[in-house]
Amino acid sequence: MEVQENHPKHDQKWLFMTEDGPVCLACLIEIFNNEYPLSKKQYCLRRLQDLLNRHKNDVVEVIGKDTRVAIHLTLTLLEFLVIDIDSRVKIIAVDVLVLIICNLKSEEVVSCVLEEISTKTQKMCSYQNSLPLFGLVGNLLENIPPLVEQLVQCHGSYVDYIVKGLNQPDEHVQSSLAFILIHVCCITSADYFKPTTKVCLLYYN
């Protein structure tokens with residue numbers, strides 16, 4: 001079992017059983033937060049994915065009891081999407097984030113995540129390197145439809161950045177951005193966004 005020095009202080013609610021033995025969720029979170037080798041953090045990410053697949057409701061319930069913990073964990077996991085690691089690890093990170101965010105159903109958590117994604121993406125100034133972040137946003141919009149309104153109303157510069165990216169030559173970038181915009185196209189209350197809607201529809205036609 002992966003345990004840290006503080007493990008004896010962790011409540012039993014953080015302990016979950018798996019086929020590979022017990023796993024302390026609190027210890028996993030500590031590993032993500034501290035200076036450990038990236039390989040160990042990647043291993044713990046896979047353990048977290050396994051926990052969510054086996055005990056999703058219980059894990060989410062424990063994380064959701066403290067909004068600060070939930071926000072800190074999701075923002076920490078976002079770092080897997082912007083560092084230079086195997087793309088397969090990034091896919092796992094997106095899967096874990098989607099499971100946590102969508103099941104937490106916390107407006108505060110999702111708002112913080114959107115803000116962080118918007119900031120990171122525009123700061124990186126690289127559509128190619130931002131692909132995992134775009135993938136996460138697309139997944140969140142698909143699973144949380146009301147999030148589209150928030151994206152348009154609160155992150156206009158980010159949406160404009162996505163629209164501009166449709167001119168990128170990389171087909172993976174184009175498809176990821178179009179997947180986001182097609183969800184935006186479905187809303188009717190964002191009147192200012194109608195020109196972008198036309199762009200998106202033209203792209204798909």
Side-chain angles (χ1 to χ4, degrees), residues 2-6 20 23-53 56 59-60 63 67-104 106 108-144 147 151 155 157-159 161-162 164-165 168-180:
E2 287 292 338
V3 297
Q4 301 303 294
E5 291 182 3
N6 290 331
D20 297 324
V23 175
C24 178
L25 178 57
C27 285
L28 293 185
I29 294 175
E30 285 188 7
I31 291 173
F32 291 137
N33 290 336
N34 295 314
E35 296 295 326
Y36 285 96
L38 183 57
S39 58
K40 184 168 186 175
K41 292 188 176 184
Q42 291 178 16
Y43 169 76
C44 289
L45 179 65
R46 293 187 177 92
R47 296 306 301 270
L48 178 55
Q49 182 188 42
D50 183 52
L51 278 185
L52 285 164
N53 288 333
K56 180 181 66 179
V59 170
V60 170
I63 295 173
T67 303
R68 293 173 302 174
V69 171
I71 291 174
H72 188 70
L73 174 60
T74 51
L75 295 186
T76 299
L77 293 175
L78 274 180
E79 293 302 315
F80 281 104
L81 305 185
V82 297
I83 59 178
D84 185 19
I85 55 174
D86 192 307
S87 61
R88 291 171 294 184
V89 177
K90 295 189 178 187
I91 291 173
I92 294 174
V94 170
D95 179 57
V96 168
L97 281 163
V98 170
L99 283 172
I100 292 175
I101 296 170
C102 291
N103 286 281
L104 276 175
S106 167
E108 189 173 354
V109 171
V110 77
S111 293
C112 288
V113 169
L114 266 187
E115 180 65 36
E116 188 71 8
I117 290 175
S118 175
T119 301
K120 285 184 179 297
T121 301
Q122 295 180 79
K123 185 176 181 180
M124 290 167 68
C125 293
S126 170
Y127 288 97
Q128 185 67 42
N129 292 340
S130 298
L131 266 174
L133 293 172
F134 293 136
L136 175 58
V137 172
N139 272 282
L140 293 178
L141 294 180
E142 185 173 35
N143 287 280
I144 314 175
L147 192 58
L151 179 68
H155 302 284
S157 62
Y158 175 67
V159 176
Y161 181 77
I162 291 175
K164 293 177 183 177
Q168 292 291 307
D170 189 289
E171 293 184 358
H172 294 294
V173 171
Q174 291 177 2
S175 60
S176 293
L177 299 181
F179 185 70
I180 294 172

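The structure displayed is predicted, hence computed values, not measured ones. Numbers here simply count residues along the sequence, with the first being 1.
Of all heavy-atom pairs spanning I31 and Y36, the tightest one is O-CD1, 3.6 Å. Taking both residues in full, the closest heavy atoms of Y161 and F134 are given as CE2-CZ, 4.0 Å, listed atom of the first, atom of the second, then distance. The two residues L75 and E116 make their nearest non-hydrogen contact at CD2-CB, 3.7 Å. Between I162 and L177, the closest heavy-atom pair is O-CD1, 3.5 Å. Between F32 and K41, the shortest heavy-atom distance links the atoms O-NZ, 3.3 Å. Listed here is the closest heavy atom pair of N33 and H72: OD1-NE2, 3.0 Å.
One finds the CG atom of D95 at 8.5 Å from the CG atom of N139 (value rounded to the nearest 0.5 Å). In this structure, NZ in K123 is found 12.5 Å from OG in S130, a value given to the nearest 0.5 Å. The distance from the CG atom of L73 to the CG atom of L97 is 8.0 Å, given to the nearest 0.5 Å. For the atom pair L131 CG and S126 OG, the distance stands at 8.5 Å (nearest 0.5 Å). The OG atom of S87 sits 10.0 Å away from atom CD1 of I92, with the distance rounded to the nearest 0.5 Å. Taking CG of L140 as the start and CD1 of I101 as the end, the distance is 5.0 Å to the nearest 0.5 Å.
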_Checking V113 against I71 for the side-chain contact (heavy atoms from CB on, under 4.5 Å) test, could you report, in this order, the C-alpha distance in whole Å, the side-chain angles of both residues, the deciding distance, and whether it holds?_
CA-CA 8 Å; V113 169; I71 291 174; over 6 Å; no
*Taking it one step at a time, do L25 and I63 satisfy side-chain contact (heavy atoms from CB on, under 4.5 Å)?*
CA-CA 9 Å; L25 178 57; I63 295 173; 3.9 Å; yes
_Trace of the side-chain contact (heavy atoms from CB on, under 4.5 Å) decision for L38 with Q42_ = CA-CA 6 Å; L38 183 57; Q42 291 178 16; 3.3 Å; yes
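Between the side chains of E115 and S111, no donor-acceptor pair of N or O atoms lies under 3.5 Å.
You'll find the side chain of I29 stays beyond 4.5 Å of the side chain of T76, heavy atoms only. The closest side-chain heavy-atom distance from L28 to L51 is below 4.5 Å. Y158 is listed as a side-chain neighbour of V137, based on a closest heavy-atom distance under 4.5 Å. A 4.5 Å side-chain heavy-atom check between Y127 and D170 finds every atom pair outside the cut-off. For the pair T67/L104, no side-chain contact is recorded, criterion being any heavy-atom separation below 4.5 Å from C-beta on. The side-chain heavy atoms of Q49 and N53, taken from C-beta on, include a pair separated by under 4.5 Å. For the pair N129 and V82, the minimum side-chain heavy-atom distance is 4.5 Å or more. Using a 4.5 Å heavy-atom cutoff, the side chains of L133 and M124 are in contact.
Judged by distance alone, the side chain of S118 and the main-chain N or O of L114 form no donor-acceptor pair under 3.5 Å. Proximity of a side-chain donor or acceptor of Q174 to a complementary backbone N or O of Q168 within less than 3.5 Å is detected. When atom types are taken as modelled, the side chain of D50 and the backbone of R46 share no donor-acceptor pair closer than 3.5 angstrom.
Applying the side-chain contact (heavy atoms from CB on, under 4.5 Å) test between V96 and each of I100, L99, V94 identifies I100 as the sole match.
Ion pair E108/R68 not flagged as a salt bridge, since none of the NZ, NE, NH1 or NH2 atoms sits closer than 4.0 Å to an Asp/Glu carboxylate oxygen.
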